[in-house]
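The structure appears below as structure tokens.
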Amino acid sequence: MSIVVTGATGHLGRHVVEQLLDKVPAERITAVVRDAAKAADFAARGVKLAVADYNAPETFDGLFAAGDKVLLVSGNEFDKGRVQQHKVVIDAAQAAGVALLAYTSAPGSLTAALADDHRATEEVLLASGLPYTLLRNGWYHENYTENLAPVLEHGAVVQAAGDGRVSSAARADYAAAAVAVLTGEGHENATYELGGDEAWGFAEYAAELSRQTGKEIVYNPVSPEAFAGILAGAGLPGPLAAILAGVDASAEKGELVVSSGDLSRLIGRPTTPLAEAVTAALKG
Ligand SMILES: NC(=O)c1ccc[n+]([C@@H]2O[C@H](COP(=O)([O-])OP(=O)(O)OC[C@H]3O[C@@H](n4cnc5c(N)ncnc54)[C@H](OP(=O)(O)O)[C@@H]3O)[C@@H](O)[C@H]2O)c1
């Protein structure tokens, strides 16, 4: 019986494998990757690698075994039909008879188009009859803190979220929740609404950036249309820019506030404050 993690060479997946290595023997962990070379460090530490692609169902043949616990990390290829991609993994897991399939979803409160693939994948998973865990991950701190260059250059945080608040947490926090589910008991058929302990607004975020950089950084709220235009102007494909602007519109409505307390309860500690992620990003 293995713990199998897809998307293991992505940002979240790497945190999950690293944290699993602290808790279970390496030979019990299988990292599903598209490019084994990107996971050479894991292999060197004894993690098993399986090379597979959500776009090639045959690559998942025989990958899972009965009794495995699987983390399906949602894909990032918005133009390739993510629901069908995720179904490939769910079908293979069902055929093998895995003990649990945990899926990294989106908050139940999120109505933005970004959530559509997640809701549809949840339906496929529930229809499969597999024991499941829905890890409805809120927003990552890093969505903001890893994109500081234009903010520092212009002295402005530009978003379309109005006075909306966001309960973000560090990727490492969401990874810790996944690890708790994969290594713990009693998470079958549970849905967790995961988010940071503290919700914050973009004016506060700008103030925190000012405090830590010593420069004046303001929040400049714009309309979703203007924001989509700015993102497209910065090189994002138009459809993705529209999706991200839609997330901001949802944030303005309060849809990225998660107040369940599920994340800190699952990980057994407070979530990482946004200010810490800012500090880490400014150092990096
Ligand atoms: N909650 C949030 O704030 C937030 C923000 C952004 C994204 N997300 C979602 O959460 C997921 C994990 O976040 P992340 O930061 O780790 O994203 P990421 O770094 O972009 O990682 C995505 C992972 O999915 C894998 N993947 C993509 N297409 C695949 C395919 N066709 N077959 C097999 N694997 C495939 C990638 O493989 P490679 O390593 O080979 O590229 C990568 O490991 C994202 O994919 C996205 O669905 C959530």
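Just follow the structure's listing: the first ligand is 1, and inside any ligand the first atom is 1.
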ILVMFWY cluster membership beyond Val51 - transitive side-chain contacts under 4.5 angstrom: Val33

Taking atom CD of Glu198 as the centre, does the number of heavy atoms from other residues, nucleotides or ligands within less than 6.0 Å exceed 12? no

State whether the side chain of Ser74 and the backbone N or O of Thr104 hold a donor-acceptor pair below 3.5 Å, judged by distance alone. yes

Closer than 3.5 angstrom, by distance alone: can the side chain of Asp68 be matched with the main-chain N or O of Val70 as a donor-acceptor pair? no

Considering only residues two or more places apart or on different chains, which pairs with a residue in residues 21-34 satisfy side-chain hydrogen bond (donor to acceptor under 3.5 Å, both in side chains)? Arg34-Glu77

Scan for side-chain hydrogen bond (donor to acceptor under 3.5 Å, both in side chains) pairs involving residues 274-284, sequence neighbours excluded, and state none if there are none. Gln212-Thr279

Pocket residues around ligand 1 (non-hydrogen, under 4.0 Å) come out as Gly7, Thr9, Gly10, His11, Leu12, Arg34, Lys38, Ala52, Asp53, Tyr54, Asn55, Val73, Ser74, Gly75, Asn76, Glu77, Arg82, Gln85, Gly138, Trp139, Tyr140, Asn143, Arg171

